[in-house]
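The block underneath contains the structure these notes are about, expressed in structure tokens.
Values reported hereafter were calculated over all heavy atoms of this structure, with side chains retained and with hydrogens, waters and symmetry mates removed. Counting starts at 1 for both ligands and their atoms, in listed order. All values derive from a computational prediction rather than experimental measurement.
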Amino acid sequence: MLFLDECFPEECYEFYCQGNPRSVSDVFKDKWADCLAEFMEQVGVKTKIVAPIVQMDDKNLPRVWGLLIVHSCAYYRQWQSNDAELLQSISNQLGIALKQSDLYSQLQTSEIRLRNSFENAVNGMAMLTMNGHFMQVNPALCQLLGYSKSDLLSLTIQDLIQPQELDRSRDSVQDLIRDQISSLQIESELLHQSGKTLWTICSASVVRNPEGEPLYFVVQVVDISERRALEQMKSEFISSVSHELRTPLTSIHGSLGLLVSGALDNQPETLKQMIEIAATESGRLVRLVNDILDLERLESNKITLHRQWCNAEALMQRVVDILRLTADDRDIRLIMTPTAQQVWADEDRIIQVLVNLVNNAIKFSSPGSTIELSVLPQHDNASLPSQSKQQDTHEHSLDGDSSSSLPILFQVKDNGKGIPADKLDIIFDQFQQIHGSDSREQGGAGLGLAICRNIVQQHGGNIWAESELGQGSTFYFTLPASESR
Ligand code: ADP
């Protein structure tokens, strides 16, 4: 039965709080329970014995949790003092049981909370025996390492770390076990199930028993492969840039040094040559810095494309006009196939791509050869190279659209040096030059194709090359023909 606190006078509550049982020989004469008289009458109670169930609250003060009551209805019973004691001791046991059950459910809640945080943690987590066997692993760790939970539980951490890494961290792990340090963080390579390695930061601590003896390790694993790859890219980039900057700077420095020394004062021809070298090389520096900045802006999406409908033939004509003199100088013929094709693109950026491709074709072709620029009509599937055919099918099925959404294929074909098959992909990466000193002498730094790839990809297209060494190369790129891209 639910009793309201107000039922009890203060002194009655105090009496119960102290854990005192109470015998009432006539419930209708009970000075502390007027409000219960009606209920007693209904049930037909004559006498009763009451034992409080007392518990300590958060502040360790006694609190009446409830009352254990025995009613006598048949007759006015004379309660003995040991009746009250017996009932009180049952009440005390009940109090203990209730407290235990409270603690148990609190424990269960906190265990569920703990398990959920372990299971749903974004980072990989594990518990390891002191020998390194996995005892518990969370899904994030399984995913990170490519193992199922049961597979991982049959392994040890030693199976996943290279032996030299283990040696490197042995001392720190010993310090952790001996409680000389409270936690440990190591950057280490872990073996993925596929056989690849994975850069991670492993943070470990030790759980101990009350006597301080180590029980198991708790380990958190964070995947830092991406960060590592970025750091490596950054340092490669810095070394390539410094290298590229140093070459022209050394020439400029040398030429200017000679001029300043006055050694050429009486040799106007050589003096002029030195000035020309300084001018050419500083031009190369300016181009290099501009290319680096351009690439950076493209890669960080800081450039907005101003797309509009452009006539593909007009684009190619502009490129031919820009490069006609350069081509003439090397006795190379530029030809283009007429087309009525329209493309949805940023005109200046596509001209930049084509200029770079045609310029490369000029650089790596012999005098007397021809370079062809063309746009393949998109419905002429039979004439598309294999790669583009695949993309067409894919993109087309994605759109489920009419032929107007088929991409348009640009092509720049030369009969020059060609590119080895294994280099056809990497030439689109930064600072990749495969013709060594030849490429350098032509004034490039290996950024042009990286810029082209970026521009084409930002248009939603693809760029690639096909080539036969000694026979020539063809560079292709696709552009969407529809506004939706
Ligand atoms: P750059 O031309 O400034 O060196 P690119 O990124 O434009 O840089 O080109 C990278 C490299 O790809 C060139 O150095 C060259 O080795 C190779 N390459 C590009 N286009 C051609 C081509 N048409 N024929 C042969 N090799 C080429």
Please confirm whether Gly418 comes under 4.0 Å of ligand 1, counting heavy atoms of the residue only.
yes
With a 4.0 Å cut-off on heavy atoms, does Lys423 reach ligand 1?
no
Look only at interatomic distance and state if Ala445 has a nitrogen or oxygen under 3.5 Å from any nitrogen or oxygen of ligand 1.
yes
Check ligand 1 against Ala361 and write out every atom of the ligand that is under 4.0 Å from a heavy-atom position of the residue.
23 (N)
Just distances here: any N/O of Ile434 and N/O of ligand 1 closer than 3.5 Å?
yes
Test item: side-chain donor near acceptor, Ser172 and Asp175, under 3.5 Å
no
Go through the side-chain N and O atoms of Ser374 and Glu372 and say whether any donor and acceptor fall under 3.5 Å apart.
no
Looking only at heavy atoms, is any part of Phe428 under 4.0 Å from ligand 1, and if so is it the side chain, the backbone, or both, or is it neither?
neither
Residue pair Asn301 / Gln458, side-chain donor-acceptor N/O under 3.5 Å
yes
What atoms in ligand 1 come closer than 4.0 Å to a heavy atom of Gln432?
10 (C), 11 (C)
If we ignore angles and hydrogens, is there a donor and acceptor under 3.5 Å between the side chains of Asn131 and Thr129?
no
Donor-acceptor side-chain pairing of Gln352 and Asp294 below 3.5 angstrom
yes
Indicate yes or no: does an N/O atom of Leu449 lie under 3.5 Å from an N/O atom of ligand 1?
yes
Decide whether Ser183 and Ser205 meet the rule of one side-chain donor and one side-chain acceptor closer than 3.5 Å.
no
For ligand 1, which part of Asp414 has a heavy atom less than 4.0 Å away: the side chain, the backbone, both, or neither?
side chain
For ligand 1, is there an N or O atom under 3.5 Å from any N or O atom of Lys417?
no
Is the ring pair Trp464/Tyr476 parallel, tilted or perpendicular, if the boundaries are 30 and 60 degrees?
parallel
Does the N or O separation between Gly446 and ligand 1 drop below 3.5 Å for any pair?
yes
Give yes if a backbone or side-chain nitrogen or oxygen of Gln433 is under 3.5 Å from a nitrogen or oxygen of ligand 1, and no if not.
yes
Structural part of Leu447 in contact with ligand 1, heavy atom criterion under 4.0 angstrom:
backbone
Mutual orientation of the aromatic rings belonging to Phe410 and Phe477 [parallel < 30°, tilted 30-60°, perpendicular > 60°]:
parallel
